[in-house]
Amino acid sequence: MPTVVRRVALEGLRLLPKHALSRLAGRVAALRLPGSLQRWEIGVFGRAVGVDFDEVRDPIESFRCLQEFFTRELRDGARPIDPAPDAVVAPCDGRWGASGIVTDGLLLQVKGRRYSLAALIGDAAVADALDGGAYATFYLSPRDYHRFHMPLAVRVLRATYIPGTLWPVNRMGVEGVDGLFAQNERLCAFLGVEGDATAACLVAVGATMVGKVRVAFDDLTTNLPADGAITRVYADRTPRFAKGEEWGRFEFGSTIVMIAAAGLLELDSQPPGTALRLGQRIGRLCRP
């Protein structure tokens, strides 16, 4: 997209009520239609975006609305989890974005454009602790399975919803908006491994027309009329997850950013745009 056209489009988006539109999109997707019409809607949507219906666990007629289909579960075995003890696995379906090493508190958004880890996760102390560690960005498209899972065995120490805007996370947004992931609303899960404090963070980033982000271990969600960040600490009931276990879902898709402490893991980074599947090996765990 030419730079001038992109700037005009972004300025137009800046003026739109993106939160209201996203909530409206969520309501529309949750509308329940008569049986035959509902099946037709799901079929048209799925074929238009390229969904593999053979992977869908439940029959199409069991979905009461498009939202339920969008957050569908897959057939058993559709996404095998790499069983190697040292394997770090993809937390979602989608494509690779920028990845590398957190350097001086900065991550790469796209070539030539960096952003602050502290701004992304809303915690300067944890950002300092994660400096020098590996990170990766994963983009989900409408065709993808939209539940996300743990890349390694962890416990959730706390989770934070950070309000923000809802820029699109397509090429136009990523290339045109400074610090987009640290501007958009997001839900951050701060993770520990055995014998370690905060060892990693997974950030589910909202976007234009993403209804909500939901997690499996709490009723904490996004797209709320909040004045500031909302944090839940799990000191007495720390949720534990096995590698590959589901921890949340997008109600319409967006982006996952994964950040690990230095020395925890090594990523087999791939060029941006490379497809990945939930459960496939994307790196190596360097310590338990």
Notebook entry, point to check: After noting the C-alpha distance and the side-chain angles of Leu33 and Glu41, does the key distance pass the side chain to side chain contact (heavy atoms under 4.5 Å, CB included) rule?
Noted result: CA-CA 9 Å; Leu33 304 177; Glu41 180 191 36; 3.5 Å; yes
Item checked: Chi angles and distances behind the side chain to side chain contact (heavy atoms under 4.5 Å, CB included) call for Thr103, Asp131 -> CA-CA 6 Å; Thr103 304; Asp131 198 56; 5.7 Å; no
Note to self: Working note: Ile121 + Val126, criterion side chain to side chain contact (heavy atoms under 4.5 Å, CB included); need CA distance, chi angles, decisive distance, verdict.
What the structure shows: CA-CA 8 Å; Ile121 64 176; Val126 172; 3.8 Å; yes
Note to self: Checking Ile256 against Val203 for the side chain to side chain contact (heavy atoms under 4.5 Å, CB included) test, could you report, in this order, the C-alpha distance in whole Å, the side-chain angles of both residues, the deciding distance, and whether it holds?
What the structure shows: CA-CA 6 Å; Ile256 295 285; Val203 184; over 6 Å; no
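A distance below 6.0 Å separates the ring centres of Tyr234 and Phe217.
Nearest heavy atom pair, residue Gln270 against residue Ser99, reads O-OG, 4.5 Å. Scanning both residues, Ala124 and Ala118, for their nearest heavy atoms gives CA-CB, 4.0 Å. Contact between Ala229 and Thr160 at its shortest, heavy atoms only, is CB-CG2, 3.9 Å. The two residues Asp82 and Val89 make their nearest non-hydrogen contact at CB-CG1, 3.9 Å. Nearest approach of Ala136 to Trp96, heavy atoms of both residues: CB-CZ3, 3.8 Å. Taking all atoms of both residues into account, the shortest heavy-atom contact from Ser116 to Ala119 is OG-N, 3.0 Å.
One finds the SG atom of Cys92 at 9.5 Å from the CE atom of Met258 (value rounded to the nearest 0.5 Å). To the nearest 0.5 Å, atoms CG (Leu264) and CG (Leu130) are separated by 9.5 Å. Expressed to the nearest 0.5 Å, how far CH2 of Trp247 lies from CE of Met150 amounts to 6.0 Å. Here the straight-line distance linking atom CZ of Phe148 with atom CG of Asp93 works out to 13.0 Å at 0.5 Å rounding. Between the CD1 atom of Ile282 and the OG atom of Ser269 there is a distance of 8.5 Å, given to the nearest 0.5 Å. One finds the OG1 atom of Thr221 at 7.5 Å from the CG atom of Leu187 (value rounded to the nearest 0.5 Å).
Contact check for Asp86 versus Arg281: side-chain heavy atoms found under the 4.5 Å cut-off. Looking at Thr137 and Val205, their side chains never come closer than 4.5 Å, going by heavy atoms from C-beta outward. Residues Leu74 and Val56 form no side-chain contact, since every pair of their non-hydrogen atoms from C-beta on lies 4.5 Å or further apart. A heavy-atom distance below 4.5 Å is found between the side chains of Val156 and Leu191. Inter-residue side-chain proximity for Leu108 and Tyr135 is flagged as met; some heavy-atom pair is nearer than 4.5 Å. Counting only heavy atoms from C-beta outward, the side chains of Ile42 and Leu66 approach each other to under 4.5 Å. Using a 4.5 Å cut-off on side-chain heavy atoms (C-beta onward), Phe138 and Pro91 make contact. The closest side-chain heavy-atom distance from Leu202 to Pro151 is below 4.5 Å.
A salt bridge is defined here as a Lys NZ or Arg NE, NH1 or NH2 lying under 4.0 Å from an Asp or Glu carboxylate O, and Glu246 with Arg147 meets this definition. Between Asp58 and Arg75, none of the side-chain N atoms (NZ, or NE/NH1/NH2) sits under 4.0 Å from a carboxylate O, so this pair counts as no salt bridge. Arg79 and Glu55 are joined by a salt bridge, as a carboxylate oxygen and a charged side-chain nitrogen come within less than 4.0 angstrom of each other. Ion pairing between Glu73 and Arg57 holds under the 4.0 Å rule for side-chain N and carboxylate O. Using a 4.0 Å cut-off between charged nitrogen and carboxylate oxygen, Asp218 and Arg232 count as a salt-bridge pair.
Counting only distance, with no hydrogens or angles, the side chain of Gln109 and the backbone of Ala98 share no donor-acceptor pair below 3.5 Å. The main-chain N or O of Gly206 is found under 3.5 Å from a side-chain atom of Asn184 such that the two form a donor-acceptor pair. A side-chain donor-acceptor contact under 3.5 Å links Lys243 to the backbone of Ala87. Put simply, the side chain of Glu245 gets close to the backbone of Ala242: a donor and an acceptor are under 3.5 Å apart. Between the side chain of Thr71 and the backbone N or O of Gln67, at least one donor-acceptor pair lies under 3.5 Å. A distance-only check finds no donor-acceptor pair linking the side chain of Thr274 to the backbone of Pro272 [under 3.5 Å]. A donor-acceptor pair is defined here as one N or O able to donate and one able to accept, closer than 3.5 Å; no such pair exists between the side chain of Asp144 and the backbone of His146. Arg143 places no side-chain N or O within 3.5 Å of a backbone atom of Gly46 that could act as its donor or acceptor partner. Between the side chain of Glu68 and the backbone N or O of Arg64 there is at least one donor-acceptor pair closer than 3.5 Å.
Between Phe69 and Phe53, the ring planes lie parallel to each other; the angle is under 30°, not in the 30° to 60° tilted range.
Taking the ring centre of Phe190 as origin, the terminal cationic atom of Arg158 falls inside the region bounded by 6.0 Å and 45° from the ring axis.
Under a hydrophobic-cluster definition in which Ile, Leu, Val, Met, Phe, Trp and Tyr are linked whenever side-chain heavy atoms come within less than 4.5 Å, directly or via other members, Val177 and Leu117 are assigned to the same cluster. In the hydrophobic clustering of this structure, Tyr145 does not group with Phe250; members are Ile, Leu, Val, Met, Phe, Trp, Tyr whose side-chain heavy atoms approach within less than 4.5 Å, directly or through other members. If you chain together hydrophobic residues whose side chains sit under 4.5 Å apart, Phe63 and Val51 fall into the same group. A continuous path of hydrophobic side-chain contacts links Leu276 to Leu152 [ILVMFWY only; heavy atoms under 4.5 Å]. A continuous path of Ile, Leu, Val, Met, Phe, Trp and Tyr side chains, each step under 4.5 Å between heavy atoms, connects Val49 with Ile60, placing both in one hydrophobic cluster.
Just one residue in the list Arg72, Arg214, Lys212 forms a salt bridge (Lys or Arg N to Asp or Glu O under 4.0 Å) with Glu251, and that residue is Arg214.
A donor and an acceptor atom, one from each side chain of Tyr161 and Glu185, are located under 3.5 Å apart.
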